[in-house]
Amino acid sequence: MSKEITSRQQDYSQWYNDLILKGGLADYSAVRGCMVIKPYGYALWENMRDQLDKMFKETGHQNAYFPLFIPKSFLSKEAAHVEGFAKECAVVTHYRLMNDPNGGGIIVDPEAKLEEELIIRPTSETIIWNTYKTWVQSYRDLPLLINQWANVVRWEMRTRLFLRTTEFLWQEGHTAHATAQEAIDETIQMLNVYAEFAEEWMAMPVIKGVKSINERFAGAVDTYCIEAMMQDGKALQAGTSHFLGQNFAKAFDVKFSDKQNKLDYVWATSWGVSTRLIGALVMAHSDDEGLVLPPKLAPIQVVIIPIYKGDEQKNLIDEKVKDLMLMFKALGIKAKYDDNDNNRPGWKFAEYEMKGVPVRIAIGARDLEKNVVEVARRDTKEKMTVSIDGLAEAIHVLLNDIQQNIYSKARKYRDENISKADTWEEFEKLLDGAGGFISAHWDGSAETENKIKELSKATIRCIPLNNLQEEGKCILTGNPSKERVLFARAY
RNA sequence: CGGGAUGUAGCGCAGCCCGGUAGCGCACACGUCUGGGGGGCGUGGGGUCGCAAGUUCGAAUCUUGUCAUCCCGACCA
């Protein structure tokens, strides 16, 4: 079977690429580092986006849209920010093309040079804060709770489908507050929204934490994150929420009058998740037969495949399926009836397995006589015979069960792959073995963190929230430490 | 930006060493038998061999250059 997919054991990276390409999520494009998101992959993204959008609105946010282009000068206003992004920006320098006077096609018109170059947004803090300056005068204008769904461009050296592409889709929340505490509360609130989404919807367990200084967002005071573990033991940052302090307000001169008519800079947050989550979803649950999608996000939750000889049987099956589809719809189950006669049942079985459809129903003349169908679940590959009476309800229960099961499986895997290291030798041994998260003491210095990264390629993924405080010694330097942090090799 | 590969039909590849009418599998079209795990048989359509120059009577094949993409590293969501 699955003859087209490289196994995880054989080549994990290739397995991942195979799933994306052969599962029909995305394709390479004519542009280096950029991908085409195909309808099936985009449907998955739409489901994620819709749910997140709902959660943002439930927490009081509104959507808006800011320009794709950012004047170059904006980017330099916040020192740490420009340093973080300068190396990976696409720059627009001209606004017109012309026919090459020497023949041979079209060239950039040298006359059409822009006075000030425009940066294609790598993130929108600067253009947004430049705008907020005109929106905020008084504490009455606060808080400002805005989200934007957009594309951004980061000119990365090396790209990977969904995990790191030159252009990607994301959402970025940008909020402004009257007090530091309020902004911190917002930062944590959105971190919790992300964690809830990852766990409840993606069925992907995550660890909430705060980043070390080295891993902090360019321009933030504190960066909070959710970290997930992939099946190869590597970590993947699935979402970030930043407390920006007054850094951007100061850079863009955004002040407000408080109740006492005292002027102060506003406090800011920003938070985002991207199409990278699709990569996380793929790597968290899928197997060597293809994708395994969580029912709550799957574009197709149930596929029905007819098995028949001749029109007579087909007609009988069509009739029955029509009823079933109505019942599925009534329960909000997204079902697809694939009666395409071009492909035979066996082909379809393999195809939908590759696409990760949670439940497959096969229905043939033989089943109709007995008033049953064959139900197969993607996560365990288990098949069972189920009565047509009450089928929709049974499937509803099954979908929930699958959602739970893949979460539990991922959770179990992750928990089994978090280990403690108390010496450098242990640390290295663990990393070169199963990998995973390694909980270890660290002396808190950026220097030590860099050295550990250099020696082992592992980085501090996060300092978990509500972390246990305990005395210990840094695994590298032996200097005193108050708590363990999570290390891992990461995507 | 360093290292490694690859560009030949829509996709995956062979052919290149040793130059002589461009091939295979899948997909596609038509017909037919089929149908409970990627079907069988038959017929058929589709390619300036990435691009450019050179060597040659003759280049997918040899030479030089060039462009592009992918993979592995350093950088990052």
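So that the names make sense, note that chain A is the first sequence line, chain B the second, and so on, each numbered from 1.
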Next on the checklist: When the C1' atoms of B:G15 and B:A9 are compared, how many Å lie between them, rounded to an integer?
Outcome noted: 15 Å
Checklist entry - Whole-Å distance between B:G36 P and A:E374 CD? => result 12 Å
Next on the checklist: Donor-acceptor pair, distance only, cut-off 3.5 Å: does the side chain of A:R411 make one with the backbone of A:M204?
Outcome noted: no
Next on the checklist: Students often get this wrong, so: under 4.0 angstrom with heavy atoms, is A:T275 touching a base, only sugar-phosphate, or nothing?
Outcome noted: nothing
Next on the checklist: So does A:L297 get a backbone contact from the side chain of A:N47, meaning a donor-acceptor N/O pair under 3.5 Å?
Outcome noted: yes
Checklist entry - Going by the angle between their ring planes, with limits at 30° and 60°, are A:W201 and A:F197 parallel, tilted or perpendicular? => result parallel
Checklist entry - Nearest-Å distance, CD (A:E88) to P (B:C1)? => result 16 Å
Next on the checklist: Expressed as a whole number of angstroms, how long is the span from A:I317:CD1 to B:G36:C1'?
Outcome noted: 11 Å
Checklist entry - Under 3.5 Å, side chain of A:N315 to main-chain N/O of A:D311, donor-acceptor pair present? => result yes
Checklist entry - When rounded to the nearest 0.5 angstrom, what distance separates CD1 in A:I213 from OG1 in A:T223? => result 11.0 Å
Checklist entry - What pattern of brackets, bars and dots sums up RNA chain B from 5' to 3', given Watson-Crick or G-U wobble pairs under 3.5 Å, [ ] for crossing pairs and | for another strand? => result ((((((((.[[[[.)....(..]]]].((((((.....)))))).....[[[[[..)....]]]]])))))))....
Next on the checklist: Can you measure A:E351 atom CD to B:A27 atom P for me and round it to whole angstrom units?
Outcome noted: 12 Å
Item to check | SB check A:R377 A:D401 (cutoff 4.0 Å) | outcome: yes
Item to check | Validation row, ring centre A:F85 to ring centre A:F217 under 6.0 Å | outcome: yes
Checklist entry - Okay, side chain of A:R461, backbone of A:F487: is any donor-acceptor separation there less than 3.5 Å? => result no
Next on the checklist: Give the residues of residues 303-315 of chain A touching RNA chain B, defined as any heavy atom closer than 4.0 Å, sorted by residue number.
Outcome noted: A:I307, A:Y308, A:K309
Checklist entry - Within the side chain of A:E78, is there an N or O that forms a donor-acceptor pair under 3.5 Å with the backbone of A:A80? => result yes
Item to check | Under-4.0 Å salt bridge between A:R8 and A:D288 | outcome: yes
Checklist entry - If you measure from NE2 on A:H174 to NE2 on A:H242, what distance do you get to the nearest 0.5 Å? => result 9.0 Å
Checklist entry - Counting N and O atoms only, with roles assigned by atom type, does the side chain of A:T166 sit under 3.5 Å from a partner on the main chain of A:W155, one being a donor and the other an acceptor? => result no
Checklist entry - If you measure from the Lys or Arg side-chain nitrogens to the Asp or Glu carboxylate oxygens, is any gap between A:D432 and A:R489 under 4.0 Å? => result yes
Item to check | Separation between the P atoms of B:U63 and B:U43, rounded to whole Å | outcome: 41 Å
Checklist entry - Taking NZ from A:K348 and C1' from B:G38, how many angstroms apart are they, rounded to a whole number? => result 12 Å
Next on the checklist: Rounding to an integer number of angstrom, what distance separates B:G19 and B:U61 when you compare their P atoms?
Outcome noted: 12 Å
Checklist entry - To the nearest angstrom, how far is A:L163 atom CG from B:C75 atom C1'? => result 16 Å
Checklist entry - Is A:D341 touching bases, backbone alone, or none of the nucleic acid, heavy atoms closer than 4.0 Å? => result base
Protein and nucleotides 5-9 of chain B: nitrogen or oxygen contacts under 3.5 angstrom:
none

Next on the checklist: Let's go through A:L244 and A:S270 carefully: what are the C-alpha distance in whole Å and the side-chain angles of both, what is the deciding distance for side-chain contact (heavy atoms from CB on, under 4.5 Å) to 0.1 Å, and is it a yes or a no?
Outcome noted: CA-CA 7 Å; A:L244 302 175; A:S270 70; 3.8 Å; yes
Checklist entry - Taking atom P in both B:A53 and B:C67, what distance in whole Å separates the two? => result 16 Å
Item to check | Minimal non-hydrogen separation, A:L399 against A:P358, with atom names | outcome: CD2-CB, 4.0 Å
Checklist entry - Roughly how far apart, to the nearest Å, are B:A14 and B:G40 at atom C1'? => result 26 Å
Item to check | Mutual orientation of the aromatic rings belonging to A:F248 and A:F252 [parallel < 30°, tilted 30-60°, perpendicular > 60°] | outcome: parallel
Next on the checklist: Between the base of B:G36 and the side chain of A:D367, is one N or O donor paired with an acceptor at under 3.5 angstrom?
Outcome noted: yes
Restricting both atoms to N or O, compile the protein contacts to nucleotides 69-73 of chain B shorter than 3.5 Å, with distance only.
unit_1	atom_1	unit_2	atom_2	d
B:U69	OP1	A:R32	N	3.0
B:C70	O3'	A:Y28	OH	3.3
B:C71	OP1	A:Y28	OH	3.3
B:C72	OP1	A:S13	OG	3.2
B:C72	OP2	A:R158	NH1	2.7
B:C72	OP2	A:R158	NH2	2.0
B:C72	O5'	A:R158	NH2	3.2

Checklist outcome for this item: A:K370 NZ to B:G36 P, in whole Å, measures 16 Å
Name the pairs: protein N/O against N/O of nucleotides 39-42 of chain B, kept only if under 3.5 Å.
unit_1	atom_1	unit_2	atom_2	d
B:G39	OP2	A:R344	NH1	3.2
B:G39	O4'	A:R344	NH1	3.4
B:G39	N7	A:R344	NE	3.1

Checklist entry - Pick the nucleotide of RNA chain B nearest each of A:N342 and A:K87; which residue has the one closer to the 5' end? => result A:N342
Checklist entry - Counting any heavy atom closer than 4.0 Å, what does A:K211 reach on the DNA or RNA strands: base, sugar-phosphate only, or nothing? => result nothing
Item to check | Of residues 230-239 of chain A, the positions that come close to RNA chain B - non-hydrogen atoms, cut-off under 4.0 Å | outcome: A:Q237
Next on the checklist: Cation-pi check for A:Y224 against A:K208: NZ or CZ below 6.0 Å from the six-membered ring centre and within 45 degrees of the axis, yes or no?
Outcome noted: no
Next on the checklist: Please give the distance between the P atoms of B:U48 and B:G42 as a whole number of Å.
Outcome noted: 29 Å
Item to check | Separation between CG of A:L169 and CZ of A:R276, rounded to the nearest 0.5 Å | outcome: 14.5 Å
Checklist entry - With the threshold set at 4.0 Å, does a side-chain nitrogen-carboxylate oxygen contact exist between A:E353 and A:R360? => result yes
Checklist entry - Using the C1' atom in both, what is the distance from B:A60 to B:G23, to the nearest Å? => result 12 Å
Next on the checklist: When the C1' atoms of B:A52 and B:G46 are compared, how many Å lie between them, rounded to an integer?
Outcome noted: 27 Å
Checklist outcome for this item: To the nearest angstrom, the CG-C1' distance between A:N214 and B:C75 comes to 14 Å
Item to check | Parallel, tilted or perpendicular: rings of A:H61 and A:F56 (30°, 60°) | outcome: perpendicular
